[in-house]
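The structure appears below as structure tokens.
Start at 1 and go down the list; that is how both ligands and their atoms are numbered.
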Amino acid sequence: MAASVGRVVAGLLTRLQTSAATTRTLLPSSSCSQNIPSCLWKLGRLNHVAIVVPDLEKALSLYKDVLGAQVSEAVALPEHGVYTVFVELGNTKLELLHPLGEKSPIASFLEKNKTGGMHHICIEVDDIKAAMTELKKKKIRILSEEPKIGAHGKPVIFLHPKDCHGVLVELEQA
Ligand SMILES: C[C@@H](C(=O)O)C(=O)SCCNC(=O)CCNC(=O)[C@H](O)C(C)(C)COP(=O)(O)OP(=O)(O)OC[C@H]1O[C@@H](n2cnc3c(N)ncnc32)[C@H](O)[C@@H]1OP(=O)(O)O
């Protein structure tokens, strides 16, 4: 009797260990997972997807007149070297970008992609300074020393596309 109870307990222990190992492999491996209280910042919603366009008026007209979206006026942002137009999509936005000035950071992108293309994604964060500190420690290159004020009047930073699997990532203070 005692031997069979022992076998049952041993079997249960083995199953528990297996399921604990499975659980561990399913959890995100990042030390900044939302499940870990030591994380000082977290990602929020997708704010926008940015598309560089060679002709802002034509692109605006596509989204407004052909696709029927609500679009903003074009706004010049000289400190970023871009003109922007926002397209409202309900769950997120598109940001149409066109170069402004000779030193525009999107000029070489447009040179390489003459018909335009997807340029970056922008994700909100709850604490951009904490994000910067943590990402620097993890050797992710941040493309400015300090946050700049972005298109929505809030601090933004950009992360190098070569450190983000080929995607230029903008983080915006929510
Ligand atoms: C208003 C504001 C807002 O929303 O709030 C904005 O949107 S401002 C939006 C405009 N501002 C920004 O983009 C600021 C951050 N961007 C930058 O600092 C720059 O554009 C870089 C991302 C560092 C790229 O610089 P630059 O064009 O001088 O370098 P480059 O052409 O030699 O590119 C270096 C390598 O990165 C790749 N690369 C360049 N731009 C890329 C992009 N958008 N997505 C993915 N990869 C990209 C190139 O193909 C190249 O790879 P290979 O070496 O393999 O060929």
Hydrophobic cluster membership, Tyr63 vs Leu60, 4.5 Å side-chain cutoff: yes
What do we get for Glu172 next to ligand 1 when only non-hydrogen atoms under 4.0 Å count, side chain, backbone, both or neither? neither
Among Leu100, Leu96, Leu77, which residue meets the side-chain contact (heavy atoms from CB on, under 4.5 Å) test with Thr84? Leu77
Between Pro161 and ligand 1, find which residue part has any heavy-atom pair under 4.0 Å and reply side chain, backbone, both or neither. side chain
shortest atom 21 (C) of ligand 1-to-protein heavy-atom contact is with Leu143 CD1, 4.5 Å
Could you list which atoms of ligand 1 come closer than 4.0 Å to a heavy atom of His48? 4 (O)
Nearest neighbour in protein (non-hydrogen) for atom 13 (O) of ligand 1: His119 CE1, 3.2 Å
Shortest protein heavy-atom distance from atom 3 (C) of ligand 1, along with the residue and atom involved: Glu170 OE2, 3.1 Å
Counting heavy atoms only, which of Gly153, Ser144, Gly117, Pro105 is nearest atom 20 (O) of ligand 1? Pro105
For atom 4 (O) of ligand 1, grab the closest protein heavy atom and report residue, atom and distance to one decimal in Å. Glu95 OE2, 2.8 Å
Nearest heavy-atom pair of Glu172 and Cys122: which atoms, and what distance? CB-SG, 3.7 Å
Return the set of residues passing salt bridge (Lys or Arg N to Asp or Glu O under 4.0 Å) with Lys114 (not counting sequence neighbours), or none when no residue passes. Glu111
Under 4.5 Å between side-chain heavy atoms, counting indirect links through other Ile/Leu/Val/Met/Phe/Trp/Tyr residues: same cluster for Met118 and Val85 or not? yes
Can you find a protein heavy atom closer to atom 42 (C) of ligand 1 than 4.0 Å? yes
List every atom of ligand 1 that sits less than 4.0 Å from any heavy atom of Ile106, numbering the atoms from 1 in the order shown and giving each element. 10 (C)
Which heavy atom in Asp127 sits nearest to a heavy atom in Trp41, and how many Å separate them? O-CB, 3.8 Å
Which heavy atom of the protein is the closest neighbour of atom 40 (N) of ligand 1, given with residue, atom name and distance? Phe109 CD1, 4.1 Å
the protein heavy atom lying closest to atom 1 (C) of ligand 1 turns out to be Leu77 CD1, 3.4 Å
Quick check on the hydrophobic clustering: are Val82 and Leu143 connected, directly or via other members, by side-chain heavy-atom contacts under 4.5 Å? no
Could you tell me whether the side chain of Gln173 and the main chain of Ile128 form a donor-acceptor pair under 3.5 Å? yes
Please tell me whether His48 and Glu170 have a donor and an acceptor in their side chains that are separated by less than 3.5 angstrom. yes
Using a 4.0 Å cut-off to any heavy atom of Gly150, which atoms of ligand 1 qualify? 5 (O)
Judged by heavy atoms only, the candidate from Lys162, His120, His165, His80 nearest atom 7 (O) of ligand 1 is His120
Is any heavy atom of the protein nearer than 4.0 Å to atom 34 (C) of ligand 1? no
Lys129 with Glu134: basic N within carboxylate O range, under 4.0 Å: no
Using a strict cut-off of 4.0 Å, indicate which atoms of ligand 1 neighbour a heavy atom of Ser108. 26 (P), 27 (O), 31 (O)
Give me the ring orientation class for Phe158 and His120: parallel if the planes are under 30° apart, tilted from 30 to 60°, perpendicular past 60°. perpendicular
How far is atom 32 (O) of ligand 1 from its nearest protein heavy atom, and which residue and atom name does that atom have? Lys112 NZ, 4.2 Å
Considering only non-hydrogen protein atoms, determine which one is nearest to atom 45 (C) of ligand 1 and report residue, atom name and distance to 0.1 Å. Gly166 O, 3.2 Å
